[in-house]
Each structure stands twice: as C-alpha cells, then as structure tokens.
A.B. asks: 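Provided herewith is a single structure, encoded as structure tokens, for subsequent inquiry.
In listed order, ligands and their atoms are each counted from 1. Computed over heavy atoms, backbone and side chain alike; hydrogens, waters and symmetry mates excluded.
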Amino acid sequence: MSSSTDYKFEGWAGYDAKSVEGNLKFIEFEPKQFAEDDIDIQIMYCGICASDTSTLSEGWGPVGDMWPQVVGHEIVGKVVKVGKDTKNGIKEGDIVGVGAQCDSCLKCHYCNKDQENYCSGGWVPTYNGKFNRTSKDSKSYGGYANYWRGPSHFAIPLPKELDPAEAAPMLCGGGTVYSPLVQFGAGTEKCKNVGIIGLGGLGHFGVLLGNALGAEVTVISHSSRKQKDAEELGAKHFLVTGDDEAKAFKGHERSLDLIICTSNAPEMNMAAYLSLLKPQGNFIFVGIPETGKLPEITPGQLIFGNLHVGGSLIASPQQLKDMLQLCADKNVKSWIQRWSMDKINEAIPSMIAGNARYRYVLVNEQNGGKL
Ligand SMILES: NC(=O)c1ccc[n+]([C@@H]2O[C@H](COP(=O)([O-])OP(=O)(O)OC[C@H]3O[C@@H](n4cnc5c(N)ncnc54)[C@H](OP(=O)(O)O)[C@@H]3O)[C@@H](O)[C@H]2O)c1
Ligand SMILES: [Zn+2]
Ligand SMILES: [Zn+2]
C-alpha cells in the first residue's frame, strides 16, 4: 500500500430536498475504510446527470437515512493512493473515471459475465449506497467532492487520447446509451436505424455513439430548438413532437429498429412512438420520470407489430472501457460546459432549467482540473 492519507474528504452535500434549489453545503465526510482493492482519487471533474438532481430533490422518493448526501457519478480524477490488490492495472498518478456504480459482489453469475450492473447481490451506487463486500454498511459518497474512495474494479483508466473533462460525462451519460446500443446491435444489418428521444445529456451521447457505431440516428425532441445542434452532432433526421406525437410521426411509421428513450417526460403517447418501430423493433427506456409510471401500453400494440419494450441500467465496467476506446478511436467529443465546482449552487438550478448544451461538468481547479 502507498503513503498514508494526508488529505480530507470534503464535498458539496445536500441536507434536504431543497438543496437542489442551490443550497448544497461544503462539508467534510468520512469515506469507507480503505480496503486493499480500493483506490483514492483526487477529483478533477464531475458531470451533472439528471439522476443527481432527481435524487437530491427526492423526486424518485425519500432518501431516508442517506442525508446528508454527496451526489455526482461522472467522476474523473488522478489516483493518489492504491491498495495492494488494486485492479485494472491502476497505479498512482493515473487518470481514471468512475461512473454510477462503485461496487458489486464480484462473484455472482452476472458479475462473472461482465454484467456487474445487474449483480444478483445488488449493485452499490456511487452515492447513497451502502458498501457490502468491504467496509460493510458504510455509505458511498459521490463526485461533487475533492476526493473519492472506492473499489478499483469500478475505476476505468482513460485512454490518453480523451480530454478528461469531456470523458467525465461518458462515465454515466455515455455508458447508459452505449449499453443498449450495443446490446441491440446498433450499426449492424439488424439495427441500422436508431431513434433517440430527448436531446439532453444522455440523448446527445445517443447521437454521437450511435453514429460512431455506424447507425443512422433520428432525434425525437419536444421542440425544434435543438435541431441545428442535432444535425451538428450527426443526426440524419429530426422529429419534433410538440404536443401531438401521433401527428408528428405521420409518414415515419416503421422507420426505426431501436428507440432509446432518454426523456424524463411524465407522459408519452406510446402508441405513436411504437408506430415508429419496424417489426422486431425494440423500445428501451433509460430515462426515469419522477412519476415512476410506465406510459400506457396495450398488449395489442406490441403483438401486432412484434415489438419489445424494455429498459436498461447504466453500463458495466467492460462496456465503459469499450465505449471510451470507441470514443478515442473515432474521435468522439462530448459537448460540455465547464463550471467551477465552487459554483455548484448556480450550476444545478441552471441544469434543471434545461440550459445545458449538453452536459455541465464541474471543475476542481485546485486538483488540476481546467476551466
Ligand atoms: N437508466 C439509467 O441507467 C440512467 C442513467 C443515467 C440517467 N438516467 C435518467 O435518464 C434521464 C435523462 O438524463 P439526462 O441527464 O440526459 O437529462 P437531461 O440532460 O435533462 O435531458 C433530458 C431530456 O429529456 C427531454 N424532455 C422532454 N420532456 C421533458 C420533461 N418534461 N422534463 C425533462 N426533460 C424532458 C429534453 O429533451 P428535448 O428538449 O430534446 O425534448 C431533455 O433535454 C433522467 O431521467 C435520468 O435520471 C438513467
Ligand atoms: Zn454479483
Ligand atoms: Zn447518471
């Protein structure tokens, strides 16, 4: 093991659901006890994902005994401490990324198949989780902070070609769309036409990564405001739903093999969306509306089109590695706006207001992050 810890773990914590309005407080917190397969990271960058804000606002439900919580799960930083059983060949000084998951049992069927995100023992989220394998029951703390500690299995070395700030949002936003894109064969003969609902953080990765995999991407957005951006990102088609999806999709029936829904809109006309799919098509939810309800679907809508509706949770460490390599090989660049982490209480309300084009990334300048 390397040198002793001569730094404090400090971060921007929420104390109640109002914290999301710009009331995070800078606090010192106690990380998990250091285990031999852990690393410590000096955080340089952390993206702001809509899951952070839905957790902070308790939009997905009460977080119970998890207050105060330090959210953030698109982390990039420098490794400053390694245990003797550190994985992924990580050594001190490496630049690594951590996404939404920070632990799992590492021995079940799914963990052994590079599907740690579906671990039978339950996944440990990067914040508001409780460690189980080591340092049992201690709480996980996320990336709106100056240091992160956790299992090295979930830390991904960044390819040198990638800008570390641009890589940060790939660790959740990118991976979450990459996973269903590859699962359903985007870019291959059976899945040439991909639709992405919602052009936000995840959605813009849907366009970039769908293109990088060789698919033809259609963006489905609720207004025409982002059309130019969508084209610049590489989308070939742009559909504006307005408030009448059925009307908007006339003439586009059976045009898509796969639809990934990144929107968190509480209501959707599913019959209209499903009409866009070719037979054998897949509609995959990744966006999680705060209502927690599935839009209404009838069996007939699925049966008559031979359609499938499903969901997908983040990405596994192996998928994150593959995605980062794809981004390096194909020169994929996220569209980000950098905010000093000290301005977090301005950045979060601005992100919630829908101003990000397309991901806000918090920068820790004292840790070497570049504004
Ligand atoms: N499944 C997973 O593992 C996973 C992982 C990460 C995030 N998520 C979830 O994925 C969703 C998207 O996250 P994100 O960070 O990409 O969010 P985001 O940047 O805020 O983007 C969401 C997009 O959805 C569209 N939208 C349409 N109606 C909306 C409404 N009523 N309210 C908000 N957005 C609406 C907007 O695009 P247009 O303007 O183009 O319509 C918006 O840009 C969130 O629900 C998040 O919690 C899930
Ligand atoms: Zn497992
Ligand atoms: Zn996320």
A.B. asks: Pull out every atom of ligand 1 sitting under 4.0 Å from any heavy atom of Leu313, numbered as shown with elements.
C.D. replies: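 The list of qualifying atoms is 3 (O).
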A.B. asks: Tell me: protein heavy atom nearest atom 3 (O) of ligand 1, and distance?
C.D. replies: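 In this structure, atom 3 (O) of ligand 1 has Ile314 N, 2.7 Å as its nearest protein heavy atom.
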A.B. asks: Would you please determine whether Gly173 falls within less than 4.0 Å of ligand 1 on a heavy-atom basis?
C.D. replies: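 No, that is not the case, since the closest heavy atom of the residue is not under 4.0 Å from the ligand.
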A.B. asks: State whether a side-chain donor-acceptor pair under 3.5 Å links Glu116 with His153.
C.D. replies: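 Side-chain D/A pair, Glu116 to His153: present.
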A.B. asks: Can a non-hydrogen atom of Ser312 be found less than 4.0 Å from any atom of ligand 1?
C.D. replies: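 Right, Ser312 reaches ligand 1.
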A.B. asks: Heavy-atom count check: over 12 atoms from other residues, nucleotides or ligands less than 6.0 Å from Glu10 CD?
C.D. replies: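 Yes.
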A.B. asks: Please determine whether the number of non-hydrogen atoms from other residues, nucleotides or ligands lying under 6.0 Å from atom NZ of Lys78 exceeds 12.
C.D. replies: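 Count not over threshold, so no.
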A.B. asks: Specify the protein heavy atom at minimum distance from atom 46 (C) of ligand 1: its residue, its atom name, and the distance to 0.1 Å.
C.D. replies: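 Going by distance alone, atom 46 (C) of ligand 1 is nearest to Ser51 OG, 3.5 Å.
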A.B. asks: Considering heavy atoms of the protein only, find what lies nearest to atom 21 (O) of ligand 1 and give residue, atom and distance to 0.1 Å.
C.D. replies: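 Atom 21 (O) of ligand 1 sits closest to the protein heavy atom Gly200 CA, 3.3 Å.
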A.B. asks: Are more than 12 heavy atoms from other residues, nucleotides or ligands located less than 6.0 Å from atom CD of Glu28?
C.D. replies: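 Above 12, so yes.
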A.B. asks: Below 3.5 Å, N or O to N or O, backbone or side chain included: is there any such pair between Cys49 and ligand 1?
C.D. replies: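 So ligand 1 has no N or O lying under 3.5 Å from an N or O of Cys49.
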A.B. asks: Do any N/O atoms on Ser221 end up under 3.5 angstrom from N/O atoms on ligand 1?
C.D. replies: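 Yes; the residue has a nitrogen or oxygen that sits under 3.5 Å from a nitrogen or oxygen of the ligand.
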A.B. asks: Is the distance between the ring centroids of Tyr127 and Tyr141 under 6.0 Å?
C.D. replies: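 No.
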A.B. asks: Report, rounded to 10°, the angle at the Zn ion (ligand 3) between the two atoms SG (Cys172) and NE2 (His73).
C.D. replies: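 So the angle at the metal works out to 110°.
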A.B. asks: What residue and atom, counting heavy atoms only, is the protein's closest point to atom 11 (C) of ligand 1, and at what distance?
C.D. replies: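 The closest heavy atom on the protein side is Thr262 O, 3.3 Å.
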A.B. asks: Under a 4.0 angstrom heavy-atom cut-off, which atoms of ligand 1 come close to Gly198?
C.D. replies: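 Result: 25 (C), 37 (O), 40 (O).
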A.B. asks: Strictly under 4.0 Å, does any heavy atom of Cys172 approach an atom of ligand 1?
C.D. replies: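 Under 4.0 Å: yes for Cys172.
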A.B. asks: Say whether Leu202, considering both its backbone and side-chain N or O atoms, lies within less than 3.5 Å of an N or O atom on ligand 1.
C.D. replies: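 Looking only at distances, the answer is yes, because the N/O contact criterion of under 3.5 Å is met.
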A.B. asks: Evaluate whether atom CD of Gln33 has more than 12 neighbouring non-hydrogen atoms of other residues, nucleotides or ligands under 6.0 angstrom away.
C.D. replies: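 Counting other residues, nucleotides and ligands, CD of Gln33 stays at 12 neighbours or fewer.
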A.B. asks: Examine Cys108 and say whether one of its N/O/S atoms is closer to the Zn ion (ligand 2) than 2.8 Å.
C.D. replies: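 Checking Cys108: at least one N, O or S atom is under 2.8 Å.
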A.B. asks: In terms of hydrophobic clustering (I, L, V, M, F, W, Y; side-chain heavy atoms under 4.5 Å; direct or indirect links), are Val194 and Val182 co-clustered?
C.D. replies: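 Both belong to a single hydrophobic cluster.
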A.B. asks: Does Lys139 come within less than 4.0 Å of Glu30, counting only side-chain N to carboxylate O?
C.D. replies: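 No, Lys139 and Glu30 are not salt-bridged.
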A.B. asks: For atom 27 (C) of ligand 1, what is the closest protein heavy atom, and at what distance to 0.1 Å?
C.D. replies: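 Scanning the protein heavy atoms, the shortest distance from atom 27 (C) of ligand 1 goes to Ser263 OG, 3.2 Å.
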A.B. asks: I need the atoms of ligand 1 closer than 4.0 Å to a non-hydrogen atom of Trp60, numbered in the order shown.
C.D. replies: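 Taking each heavy atom of Trp60 in turn, ligand 1 has 47 (O) under 4.0 Å.
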A.B. asks: Regarding ligand 1, does Pro266 bring an N or O atom to under 3.5 Å of one of the ligand's N or O atoms?
C.D. replies: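 N/O-N/O distance below 3.5 Å does not exist for this pair.
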A.B. asks: Do Asp103 and Arg133 sit within salt-bridge range, that is, some charged N less than 4.0 Å from a carboxylate O?
C.D. replies: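 Looking at Asp103 and Arg133, the cut-off is met.
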A.B. asks: If you take all heavy atoms of Ile75 and Cys46, which pair is closest and at what distance?
C.D. replies: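 Ile75 and Cys46 have their closest heavy atoms at CG1-SG, 4.1 Å.
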A.B. asks: Which residue owns the protein heavy atom closest to atom 20 (O) of ligand 1, what's the atom, and how far is it?
C.D. replies: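 Heavy-atom neighbour on the protein nearest atom 20 (O) of ligand 1: Met351 CE, 4.1 Å.
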A.B. asks: Could you tell me if Lys81 sits above the aromatic ring of Phe34, with its cationic atom closer than 6.0 Å to the ring centre and no more than 45 degrees from the axis?
C.D. replies: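 Yes, a cation-pi geometry.
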A.B. asks: Show me which atoms of ligand 1 lie under 4.0 Å from any heavy atom of Ala50.
C.D. replies: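 Those of ligand 1 that fall under 4.0 Å from Ala50 are 13 (O), 14 (P), 15 (O), 17 (O), 44 (C), 46 (C), 47 (O).
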A.B. asks: For atom 32 (N) of ligand 1, tell me which residue out of Val286, Ile48, Asn264 has the closest non-hydrogen atom.
C.D. replies: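 Of the listed residues, Asn264 has the closest heavy atom.
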A.B. asks: Considering only heavy atoms, which of Ile288, Thr55, Asn117, Thr176 lies nearest to atom 45 (O) of ligand 1?
C.D. replies: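 Of the listed residues, Ile288 has the closest heavy atom.
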A.B. asks: Considering only heavy atoms, does Leu199 approach ligand 1 within less than 4.0 Å through its side chain, its backbone, both, or neither?
C.D. replies: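 It is both parts that get close, each with some atom under 4.0 Å.
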A.B. asks: Do Asp37 and Lys32 meet the salt-bridge criterion of a basic N to acidic O distance under 4.0 Å?
C.D. replies: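 Not counted as a salt bridge, because no side-chain N and carboxylate O are separated by less than 4.0 Å.
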A.B. asks: Check whether any side-chain N or O of Glu58 sits under 3.5 Å from a backbone N or O of Val63 as a donor-acceptor pair, and report yes or no.
C.D. replies: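 Here the side-chain-to-backbone pair exists.
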A.B. asks: Has Tyr118 got more than 12 heavy atoms of other residues, nucleotides or ligands less than 6.0 Å from its OH?
C.D. replies: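 Enclosed: over 12 neighbouring heavy atoms sit under 6.0 Å from OH of Tyr118.
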A.B. asks: Angle between ring planes, Tyr358 versus His204, binned at 30° and 60°: parallel, tilted or perpendicular?
C.D. replies: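 Rings of Tyr358 and His204: parallel, under 30°.
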A.B. asks: Identify, for atom 31 (N) of ligand 1, the protein heavy atom at the shortest distance, and state residue, atom and that distance.
C.D. replies: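 Closest protein heavy atom to atom 31 (N) of ligand 1: Ala265 CA, 3.7 Å.
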A.B. asks: If we only count N/O pairs under 3.5 Å, is Arg225 in contact with ligand 1?
C.D. replies: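 Arg225 vs ligand 1: no N/O contact under 3.5 Å.
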A.B. asks: Would you check whether Tyr360 reaches within less than 4.0 Å of ligand 1, judged by its heavy atoms?
C.D. replies: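 The answer is no, since Tyr360 has no heavy atom less than 4.0 Å from ligand 1.
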A.B. asks: As an exercise, identify every atom of ligand 1 less than 4.0 angstrom from a heavy atom of Gly287.
C.D. replies: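 Listed by number with element, the hits are 9 (C), 10 (O), 11 (C), 45 (O).
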A.B. asks: For Trp12 and Phe26, run ring-ring contact (aromatic ring centres under 6.0 Å, His included): C-alpha distance rounded to whole Å, both residues' side-chain angles, the deciding distance at 0.1 Å, then the answer.
C.D. replies: CA-CA 4 Å; Trp12 290 93; Phe26 196 65; 5.2 Å; yes
A.B. asks: If the contact criterion is a heavy-atom separation under 4.0 Å, does Arg359 count as touching ligand 1?
C.D. replies: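 In this structure, Arg359 qualifies as a contact of ligand 1 - some heavy atom is under 4.0 Å.
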A.B. asks: Tell me which one of Lys226, His222, His73 gets a heavy atom nearest to atom 42 (C) of ligand 1.
C.D. replies: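 Looking at heavy atoms only, Lys226 sits closest to atom 42 (C) of ligand 1.
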A.B. asks: Could you find the nearest protein heavy atom to atom 19 (O) of ligand 1 and give me its residue, atom name and distance?
C.D. replies: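 Its nearest protein heavy-atom neighbour is Gly201 N, 2.8 Å.
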A.B. asks: On a heavy-atom basis, which atom in Gln42 and which in Tyr147 lie closest, and how many Å separate them?
C.D. replies: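 Taking Gln42 first and Tyr147 second, the nearest heavy atoms are NE2-OH, 3.3 Å.
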